[in-house]
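In this text the structure is predicted, and so the values were computed from the model without any measurement. Numbering starts at 1 and runs along the sequence shown.
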Amino acid sequence: MPLLMPSSLYGLARPFLFGFDPEHAHEITLDGLARTQNTPLACAYSAPRVDDPVELAGLTFPNRVGLAAGLDKNARCIDAFSAMGFGFVEVGTVTPKAQPGNPKPRMFRLPQRDALINRLGFNNEGLDAFLANVQKARFRKNASSAKSPMLLGLNIGKNAATPIERAVDDYLACLDGVYPHADYVTINISSPNTANLRSLQSDEALDALLGAVADRRETLTTRHGGKRSPLFVKIAPDLDEAQVSVIAATLKRHGMDGVIATNTTLARDAVKGLPHAEEAGGLSGAPVREASNRVVAQLRAALGKDFPIIGVGGILSGADAKAKIAAGADVVQIYTGLIYRGPALVREAAQALLRDRGSKA
């Protein structure tokens, strides 16, 4: 049986990785995962998946801990993350055309707060390369017939060069491409690192985008033999209660299947005075936890008890995962926590949520 990378082993690896520029360390890690997935070397980071299935948006999530989008933008390491025990993995954000993203340096660690700031800007190799990688993944073939397979979310966005008035065209082009390969699709309108992208969260713009996406889904459902992929929308933490209420109403009006809350924050109150704190970009990790939980709770109040919410932001322990569920999320995602804690966090969070469910049964 494969063993999870012990905390002590990741503890040895982390100083080595943290000795590099954050983006270079990220690339080294992804290269290593891509080379070792589906080989005996994958035992260094593999773990039995915690079995804690939950029905959500018409899907069976094998457990309630997922990988957030942004870590594996080009879908190179799906099988490696599957081996870590995630119940679901979301890759991207992908845009129709390849783009380099923002100028480097564009990623910064704030270890005193278990945080990162990034302004990557949807750097990716484009839709064709992304889909080729998705189709190479073996996680569905490797799944035990006795258990639900890991789910795969595909996260889509717009190219930086596309005028915001034409953003819908990019989302529809990506939706056409990813639709047959996704267990669910995420519409990312909340990255702070693509100019004007967050304006798509406003009332009229969101209404137009989600209306177009919903219409296209009907066409794609027919085209792909009745396959109806759930659609989630990823929103920002930097919203007030009135804005959250408008977004919630728009999600329901257009038949969206779920919401992901939240992306990174522009706020800097929790890291003021620290090195890199004033770098432009989105702040993730522990400092976004409170804002994320607040938006999750506001969404739950506005959407009712049955609307699917994926909670993300500031999960660095099993207790943090439980707090996200307590705020109103159905399942959770991690990203920055994986960088600071390593693969052991996946199992810790999944087991904490399993125990929490058992205690309430």
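Members clustered with Val246: none, using a 4.5 Å side-chain heavy-atom cutoff among hydrophobic residues.
With hydrogens and angles disregarded, a donor-acceptor distance shorter than 3.5 Å links the side chain of Lys158 to the backbone of Thr162. Without hydrogens or angle criteria, Glu348 side chain to Ala344 main chain gives no donor-acceptor distance under 3.5 Å. Between the Arg289 side chain and the Gly314 main chain, a donor and an acceptor come within less than 3.5 Å of each other. For Glu23 (side chain) and Met107 (main-chain N/O), no donor-acceptor pair under 3.5 Å exists by modelled atom type. Asn63 places no side-chain N or O within 3.5 Å of a backbone atom of Asp51 that could act as its donor or acceptor partner.
Rounding to the nearest 0.5 Å places CG of Leu266 at 9.5 Å from CG of Asn263.
Here Phe81 and Tyr45 keep their ring centres 6.0 angstrom or further from each other.
Defined by atom type and a distance below 3.5 Å, a donor-acceptor pair is missing between the side-chain atoms of Ser199 and Asn196. Counting only N and O atoms by type, the side chains of Thr250 and Asp207 include no donor and acceptor under 3.5 Å apart.
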Item to complete: May I have the step-by-step check of side-chain contact (heavy atoms from CB on, under 4.5 Å) for Ile189 and Lys234, ending in yes or no?
Response: CA-CA 6 Å; Ile189 55 170; Lys234 188 167 187 177; over 6 Å; no

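Identified under the ring pair (Phe, Tyr, Trp, His ring centres under 6.0 Å) test for residues 223-258, with sequence neighbours left out: Tyr179-His224, Tyr184-Phe232.
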